S.K.: 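I have a structure I would like to understand better, so I am pasting it below and will then ask my questions one at a time.
This one's a predicted model, so the numbers in the text were calculated from it and none came from an experiment. Both counts, for ligands and for their atoms, begin at 1 and track the order of listing.
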Amino acid sequence: MTILHTPRLRLEPITDIHYEGLRALNTDPAVMRYISGQPETADETRRMIERVQGRWRQYGHSWWSLIETESGELVGAGCIQHLGHDPANPHEIGWRLRPDRWGRGYAIEAAQRMARFAFEDLEAPLLCAICDPDNAPSARVMQKLGMRYRGEETWHARPVSVYEIDGAAWAARERA
Ligand SMILES: CC(C)(COP(=O)(O)OP(=O)(O)OC[C@H]1O[C@@H](n2cnc3c(N)ncnc32)[C@H](O)[C@@H]1OP(=O)(O)O)[C@@H](O)C(=O)NCCC(=O)NCCS
C-alpha cells in the first residue's frame, strides 16, 4: 500500500482509521451531488473501506484518503482504479474534496501525484476520468491535468463525460 506526498497533502491508502473523515465526506450533499446524488450510509462506508482494502491487496492501487498535512484532517479522497472496476479496462483517476477545501488547488495537486503514480509506478498506458456532464469543476481538473475530452459514454449505467491522457502525452507535459 503506497503512501504518496504532495506539498500540502499526504495520500494514505484508505483504512478503518479514516472512517469518521470518510463519513463526513461521503454524507455531504455538495460532495455527492454529481456522484450518486445521495449520502452514503454508514454500512456503505464500512463496506467501501473493506472493498478498497481488498483492491489495494489485489492490485496495488485503489482509493487514498487525502490528509491535509498542516491540520492532519481528512479533506478528501482520490483514486486510481480500473474503469468500471474491471481489470481488463484502462485505469481511471478520481477525486472528491470536502467543500470547505474547494478552490485551493488541492484536487489538481492530488491528481497530478496520483497520475504520476499511475504512469510511473503502475506503467499504465492510458489514464481515463469520468464525470457527470454537468460537473464542470471536476471536468476542469481533468483539463488541467492535460486530459482531452473523448466524448460521452455510459458507465455505471449513467451517461458521463470521458476524458483521457496517454503515457506519451503525460511524459511530454512532465518534461515541459
Ligand atoms: C471536483 C472537485 C474536487 C474540484 O475541486 P476544486 O477545489 O474546484 O479543484 P482544485 O482543488 O483543483 O482547485 C481549483 C481552483 O482552486 C483555485 N486555487 C487556489 N489556489 C490554488 C493553487 N495553489 N493551485 C491551484 N489552484 C488554486 C483556482 O482558482 C482553481 O480554479 P481555476 O483554476 O479553475 O480558476 C470538487 O468540486 C469536489 O469535490 N466536488 C464534489 C465531488 C465530485 O464531484 N468529485 C468528482 C466526481 S467525477
S.K.: Spell out, as yes or no, whether a donor-acceptor pair under 3.5 Å connects the side chain of Arg158 to the backbone of Ile35.
M.R.: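 Judged by distance alone, yes, a pair lies under 3.5 Å.
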S.K.: Enumerate, one pair per line, all nitrogen or oxygen atoms of ligand 1 lying under 3.5 Å from a protein nitrogen or oxygen, stating the separation to 0.1 Å; write 'none' if no such pair exists.
M.R.:
residue	atom	partner	partner atom	Å
ligand 1	7 (O)	Gly103	N	2.6
ligand 1	11 (O)	Gly105	N	3.3
ligand 1	11 (O)	Tyr106	N	2.9
ligand 1	11 (O)	Ala107	N	2.7
ligand 1	12 (O)	Ile108	N	3.2
ligand 1	13 (O)	Gly105	N	3.1
ligand 1	16 (O)	Gly103	O	3.2
ligand 1	16 (O)	Arg104	N	3.4
ligand 1	16 (O)	Gly105	N	3.3
ligand 1	18 (N)	Gly103	O	3.3
ligand 1	20 (N)	Arg104	O	3.3
ligand 1	33 (O)	Arg140	NH2	3.3
ligand 1	33 (O)	Lys144	NZ	2.8
ligand 1	34 (O)	Arg140	NE	2.5
ligand 1	39 (O)	Leu97	N	2.8
ligand 1	39 (O)	Leu97	O	3.3
ligand 1	39 (O)	Trp102	NE1	3.2
ligand 1	44 (O)	Asn135	ND2	2.8
ligand 1	45 (N)	Trp95	O	2.9

S.K.: Heavy-atom count check: over 12 atoms from other residues, nucleotides or ligands less than 6.0 Å from Arg104 CZ?
M.R.: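 Yes, enclosed.
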S.K.: Quick one: CE on Met142 to CZ on Arg150, what's the gap to the nearest 0.5 Å?
M.R.: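 That separation rounds to 12.0 Å.
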S.K.: Keeping Trp102 on the side-chain end and Leu97 on the backbone end, is there a donor-acceptor pair under 3.5 Å?
M.R.: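 Between the backbone of Leu97 and the side chain of Trp102 there is a qualifying donor-acceptor contact (under 3.5 Å).
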S.K.: From the options Glu68, Arg101, Arg8, select the one residue that forms a side-chain hydrogen bond (donor to acceptor under 3.5 Å, both in side chains) with Tyr106.
M.R.: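 For Tyr106, the side-chain hydrogen bond (donor to acceptor under 3.5 Å, both in side chains) test succeeds with only one of Glu68, Arg101, Arg8, which is Glu68.
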S.K.: Return the minimal non-hydrogen interatomic distance between Ser65 and Ile14, and the atom names on each side.
M.R.: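 Of all heavy-atom pairs spanning Ser65 and Ile14, the closest is OG-CG1, 3.3 Å.
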